[in-house]
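A quick write-up on the structure given underneath.
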Amino acid sequence: GVITGQTATNLPLNGRNFQQLTLLVPGVVTPNPGAFTGAGQGAQGRPYVNGNREQGNAFLLDGVSVDETIDNRIGYKPSVDALAEFRVETSNSSSEFGNVTGATVNATLKSGTNEYHGNVFEFLRNDKFDANSWANNRASAPDTTGKIVGAPKQKLRRNVFGGTIGGPIIKEKLFFFGDYQGTEERTGGGTLRTVPLAAWRTGNLSDIATPIRDPRTGQPFAGNIIPADRIVNPAAKALFANPSLYPLPNRPGISNNYVTDFANFVGGYQFDVKIDARWSEKDSLSARYYFGDYEQGVKIG
């Protein structure tokens, strides 16, 4: 199937991830749609094509392989606004394609023309615009006044912004095209974690029914209490002694006994530069430079 860049730009792609377009081709499915809707280079959906494994695909950008070789994902995804054409070859491929039994996914960047063209864009998602989920509305929790209310919405702040510009350097002879896209996403909310009890951190495991055995002798420790002189790892001792580094439980129980919040972050930027020279009907030259920087992480508490 062939999808033009104009069509790709006009389609409502969640996360600005053009990999979703593979799912429009007959014979293509995925058991994990969420993998195709994340923002940034880290969103990595892999389609199953005509019954082949998700590793059985090849990704090309302007005819050059951009496969990420460890998991056979796509190594670099240009901005949707920079795409001139997006082609998915799934069977009876022409002679320049091969090597895989699934799909060959070939994206092509736009080129400059004899006229200047460009655009700017920003796409915003924010939890202020979202309804709460059914599960959160069903959950019961007291607010600051003691009133029982549903759980709050998850935090969501996503901004995808950038632009494109292209035109002539020398009309009819030399052309340029460039694009930039930045991505910033912050999500988060409440979560439960399991942390060891205060007594456990000193070796006192007497409230555990299972015998704690001495690895040196194979015999149970008396009273399930590990002697203090057997806890010698300096990193563990420093963590156990400092609740600001390794917090204590703030609710009863030995599992899911720490209520806190978390914050995920995704950030990055990317740009492409393309130069096309057409010196004659028989002589042409094209040069491209792609760059992407991406990071993601999570903070607990």
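These numbers come from a predicted model, not from an experiment.
Hydrophobic clustering (ILVMFWY, side-chain heavy atoms < 4.5 Å, transitive): L23 and V80 are in one cluster. Cluster annotation: Y48 and F18 are assigned to distinct hydrophobic clusters (Ile/Leu/Val/Met/Phe/Trp/Tyr, side-chain heavy-atom contacts under 4.5 Å, transitive). In the hydrophobic cluster analysis, where Ile, Leu, Val, Met, Phe, Trp and Tyr join through side-chain heavy atoms closer than 4.5 angstrom, V49 is grouped together with V25. Hydrophobic cluster membership is shared by L13 and V88, with clusters built from Ile, Leu, Val, Met, Phe, Trp and Tyr side chains linked at under 4.5 angstrom. Y269 and V120 fall into different hydrophobic clusters, where Ile, Leu, Val, Met, Phe, Trp and Tyr are joined by side-chain heavy atoms under 4.5 Å apart, directly or via other members.
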| query | Taking it one step at a time, do T22 and V105 satisfy side chain to side chain contact (heavy atoms under 4.5 Å, CB included)? | reply | CA-CA 8 Å; T22 59; V105 182; 4.1 Å; yes

| task | Step by step, work out the side chain to side chain contact (heavy atoms under 4.5 Å, CB included) result for Y246 and R201. | result | CA-CA 10 Å; Y246 198 6; R201 301 176 189 223; 3.9 Å; yes

| message | Quick one, F161 with F121, criterion ring-ring contact (aromatic ring centres under 6.0 Å, His included). Give me CA distance, side-chain angles, the key distance, then yes/no. | response | CA-CA 5 Å; F161 51 88; F121 59 85; 8.3 Å; no

| said: For T183 and Y294: C-alpha separation, side-chain torsions, deciding distance, then whether side chain to side chain contact (heavy atoms under 4.5 Å, CB included) applies. | reply: CA-CA 9 Å; T183 302; Y294 172 81; over 6 Å; no

| Going through the distances and angles, do F177 and T164 end up as a side chain to side chain contact (heavy atoms under 4.5 Å, CB included)? | CA-CA 8 Å; F177 177 82; T164 66; 3.9 Å; yes

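Closest heavy-atom contact between I225 and F221: O-CB, 3.5 Å. Nearest heavy-atom pair, D272 versus P78, reported as atom, atom and distance to 0.1 Å: OD2-CB, 4.0 Å. Contact between P215 and R230 at its shortest, heavy atoms only, is CD-NH2, 4.2 Å. The shortest non-hydrogen separation linking D276 to S286 is OD1-OG, 2.9 Å. The nearest pair of heavy atoms linking A103 to T90 is CB-CG2, 4.2 Å. Here the shortest heavy-atom pairing between R16 and V160 reads CG-CG1, 3.8 Å.
With D67 contributing its side chain and F59 its backbone, the two residues share a donor-acceptor pair below 3.5 Å. A donor-acceptor pair under 3.5 Å is formed between the side chain of N257 and the backbone N or O of V195. A donor-acceptor contact shorter than 3.5 Å is absent between the side chain of K155 and the backbone of T187. Within the 3.5 Å criterion, the main-chain N or O of I208 finds a donor-acceptor partner in the side chain of N224. The closest donor-acceptor contact from the side chain of N233 to the backbone of A236 lies under 3.5 Å. K274 places a side-chain N or O within donor-acceptor distance of the main-chain N or O of L109, the cut-off being under 3.5 Å.
Using modelled atom types, one finds no donor on one side chain facing an acceptor on the other under 3.5 Å when comparing S280 with R278. Counted by atom type alone, S206 and N204 present one or more donor-acceptor pairs between their side chains at under 3.5 Å. Using a 3.5 Å distance cut-off with no hydrogens or angles, the side chains of S79 and Q181 do pair a donor with an acceptor.
With contacts defined as side-chain heavy-atom distances shorter than 4.5 Å, the pair D207/L197 qualifies. At least one side-chain heavy atom of N17 sits under 4.5 Å from a side-chain heavy atom of K77. Side-chain contact between L83 and K110 is absent, with no heavy-atom pair separated by less than 4.5 Å. The side-chain heavy atoms of I275 and L174, taken from C-beta on, include a pair separated by under 4.5 Å. Residues N114 and F175 have side chains in contact (heavy-atom distance under 4.5 Å, counting atoms from C-beta outward). Between P47 and T30 the shortest side-chain heavy-atom distance does not fall below 4.5 Å. In this structure, the side chains of Y258 and P247 come closer than 4.5 Å at one or more pairs of heavy atoms. A heavy-atom distance below 4.5 Å is found between the side chains of L61 and Y76.
Taking NZ of K173 as the reference point, atom NZ of K171 lies at 14.5 Å (rounded to 0.5 Å). Between the CZ atom of R193 and the CG atom of N256 there is a distance of 9.0 Å, given to the nearest 0.5 Å. Between the CG atom of D127 and the CG atom of L156 there is a distance of 6.0 Å, given to the nearest 0.5 Å. With values rounded to the nearest 0.5 angstrom, D293 atom CG is found 10.0 Å from F271 atom CZ. The CG atom of N57 sits 8.0 Å away from atom OG1 of T104, with the distance rounded to the nearest 0.5 Å. Taking CG of D81 as the reference point, atom OH of Y180 lies at 14.0 Å (rounded to 0.5 Å).
Counting heavy atoms of neighbouring residues, nucleotides and ligands inside a 6.0 Å radius, atom CD of E122 exceeds 12 of them. Taking a 6.0 Å sphere around CG of L239, one finds it holds more than 12 heavy atoms contributed by other residues, nucleotides or ligands.
Each of R157, R158, Q296, R125 was scored for a side-chain hydrogen bond (donor to acceptor under 3.5 Å, both in side chains) with E185, with one residue passing: R158.
For R46 and F36, the positive end is not near the middle of the six-membered ring at less than 6.0 Å and at most 45° from its axis.
Under 4.0 Å is where a charged nitrogen must lie from a carboxylate oxygen, and between R288 and D62 at least one such pair does. Between R186 and E184 no salt bridge is recorded (no basic side-chain N to carboxylate O distance below 4.0 Å).
Taking the six-membered ring where tryptophan is involved, the planes of F176 and Y116 are tilted, since the angle between them lies from 30° to 60°.
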